[in-house]
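Accompanying notes for the structure given below.
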Number of protein chains: 2
Amino acid sequence: MLEARLEQANLLKKVVDSITNLVQDCNFDCNDSGIALQAMDNSHVALVAMMLRSDAFSPFRCDRNIALGINLTSLTKVLRCAQNEDILTLKAEDAPDVVNLVFESAESDRLSEYDIKLMDIDQEHLGIPDTEYAASITMPSAEFQRITRDLLALSESVSIECTKEGVKFSCQGDIGSGSVTLRSHTNVDNEDRNVSIDLSEPVSLMFSLKYLSNFCKASGLSSRVKLSLSNEVPLLVEYALPSNSFLRFYLAPKIGDED
Amino acid sequence: MLEARLEQANLLKKVVDSITNLVQDCNFDCNDSGIALQAMDNSHVALVAMMLRSDAFSPFRCDRNIALGINLTSLTKVLRCAQNEDILTLKAEDAPDVVNLVFESAESDRLSEYDIKLMDIDQEHLGIPDTEYAASITMPSAEFQRITRDLLALSESVSIECTKEGVKFSCQGDIGSGSVTLRSHTNVDNEDRNVSIDLSEPVSLMFSLKYLSNFCKASGLSSRVKLSLSNEVPLLVEYALPSNSFLRFYLAPKIGDED
DNA sequence: TATGTACGGT
DNA sequence: ACCGTACATA
């Protein structure tokens with residue numbers, strides 16, 4: 001059986017809000033190391049991979065591998081029933097029909113409980129190779145969100161060009177063109193505002209802004225985001241979560257880039 | 001060529017936000033004295049006239065007269081890409097296809113650049129006579145905004161009656177009627193709250209509240225607004241901007257007033 | 001359902 | 001002045 005207690009119901013809420021636009025139904029794969037999720041979006045252009053390690057829960061118990069096939073719209077509806085500081089406990093049997101969610105108020109004066117029916121989902125489990133990327137950029141997640149939002153006003157695609165000195169996001173559209181250039185810099189006072197670039201080789205790739213701005217709905221999960229790029233390889237957009245957990249998005253580049 | 005640097009990108013943002021409900025496309029007429037704009041709304045009831053004098057920019061350079069025909073929705077999209085304290089530089093060639101907007105962060109660690117395609121706009125340039133008005137009222141812009149918003153809940157039209165002693169805004173509607181009367185008064189402590197009236201002859205005119213409340217979107221540009229009226233002549237609503245610049249709205253009175 | 005705009009609160 | 005929420009629209 002599974003029993004996993006999460007002090008911040010909000011964490012799961014934000015994760016699900018961040019991916020519900022990309023994925024309708026998916027398996028939450030539970031085992032003794034934690035709860036993992038991996039799913040491609042409908043058009044098979046993007047992939048979401050989440051890992052909530054057992055350390056993120058207290059306590060965490062999972063005797064066997066269990067795949068919980070959940071409709072994310074249903075899960076969203078139930079998670080909306082949690083209040084802001086509620087503590088969430090996920091429970092399931094070993095061969096479950098339902099997953100059980102219990103919300104406790106911090107003061108334990110209120111307890112809500114929901115069951116969501118499970119579904120069988122064909123797992124198309126992709127091994128994601130542990131790529132060495134040519135460039136990785138770590139920057140404020142709010143800034144990345146702002147850039148994708150701004151450029152989306154002009155175009156559907158953005159070109160990301162990265163050199164040792166900086167990164168340039170640019171696009172062309174019907175009403176005109178735009179670009180935002182960030183220089184790699186370190187701010188001693190406020191590390192959260194740093195833009196740091198780790199690069200072995202310059203890269204230039206083009207991506208769908210619609211997807212990127214969908215990924216950015218995860219900005220509330222972490223003040224920082226890491227973009228990892230190599231030419232002709234999917235972009236990795238990663239939000240670090242507490243206890244070495246993470247939410248990662250992969251997005252295939254647009255071919256015929258630089259048009 | 002034109003090159004005009006505005007410390008407060010926000011100023012242009014607010015101006016454009018204030019008029020975008022009235023005008024879709026219009027020319028920004030640039031010459032060595034500054035940047036001017038004049039446009040009628042679609043139904044030819046209202047007229048907007050803006051003047052940003054060269055002194056409002058630093059530096060300002062404009063060698064020749066250039067008319068920049070801009071779609072205000074596009075301009076709004078691009079201006080939304082400015083962050084709050086960004087410095088804006090407008091650039092254009094002498095016979096331009098595009099206008100170039102550059103946003104610099106105060107710390108210069110971010111530079112965004114946008115091009116907006118220009119359009120040819122038939123200029124219906126009205127000479128606006130420099131009328132001597134029978135009455136002019138200067139009052140807090142927030143107060144005028146509040147009055148138009150309140151009365152709009154009751155009616156589509158407002159009657160403005162002004163005497164030496166005060167000004168009365170009144171309306172009748174289906175659910176009832178309402179009026180707000182302001183007495184001319186001087187507040188030594190807080191000049192911004194003064195209501196001052198300069199009158200040679202009493203006036204009584206009726207105007208569309210919809211338009212007035214649209215004009216009031218400019219309230220953020222100035223704490224004060226000046227209303228100038230003469231019988232049977234368009235109302236002038238004026239917001240003073242820094243460096244002797246201004247944003248003015250003209251609105252024809254409703255005929256058959258006092259109904 | 002998602003996006004863009006408007007408003008009110010902090 | 002900024003952010004977040006709420007409403008309305010597409």
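In the text below, chain A, chain B and the rest are named by the order of the sequence lines, each starting its count at 1.
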Task: Ring centers of B/Tyr211, B/Phe249 separated by less than 6.0 Å - done: no
- [ ] Looking at every strand, decide which applies to B/Lys77 at a 4.0 Å heavy-atom threshold: base, sugar-phosphate, or nothing.
- [x] nothing
Task: Partner residues of A/Glu104 under the salt bridge (charged side-chain N to carboxylate O under 4.0 Å, His left out) criterion, sequence neighbours left out - done: A/Arg5
- [ ] Please identify each residue that fulfils salt bridge (charged side-chain N to carboxylate O under 4.0 Å, His left out) with B/Arg80, with sequence neighbours left out.
- [x] none
Open item on the list: What is the distance, to the nearest angstrom, from the CG atom on A/Leu209 to the P atom on C/dA2?
Closed with: 18 Å
Open item on the list: For the residue pair A/Asn71 / A/Asp25, report whether a side-chain donor-acceptor contact shorter than 3.5 Å exists.
Closed with: yes
Open item on the list: For the residue pair A/Thr186 / A/Asn194, report whether a side-chain donor-acceptor contact shorter than 3.5 Å exists.
Closed with: no
- [ ] Mind jotting down which residue pairs meet the salt bridge (Lys or Arg N to Asp or Glu O under 4.0 Å) criterion with at least one end in residues 206-225 of chain B? Sequence neighbours excluded, please.
- [x] none
Task: Polar side chain donor-acceptor pair, A/Lys226 to A/Thr138, under 3.5 angstrom - done: no
TODO: Calculate the interatomic distance between A/Asp41 atom CG and C/dT1 atom C1'; express it in whole Å.
DONE: 16 Å
TODO: May I have the distance from A/Ile19 (atom CD1) to C/dT1 (atom C1'), rounded to whole angstrom?
DONE: 17 Å
Open item on the list: Across nucleotides 5-10 of chain C, 5' to 3', mark each nucleotide with B, S or - according to how protein heavy atoms within less than 4.0 Å reach it.
Closed with: S--S--
Task: Selection residues 142-160 of chain B - residue pairs positive for salt bridge (Lys or Arg N to Asp or Glu O under 4.0 Å), sequence neighbours left out - done: B/Arg146-B/Asp150
TODO: Report, as a single string ordered 5' to 3', how protein heavy atoms within less than 4.0 Å touch nucleotides 2-10 of chain D: B base, S sugar-phosphate only, - not at all.
DONE: S--------
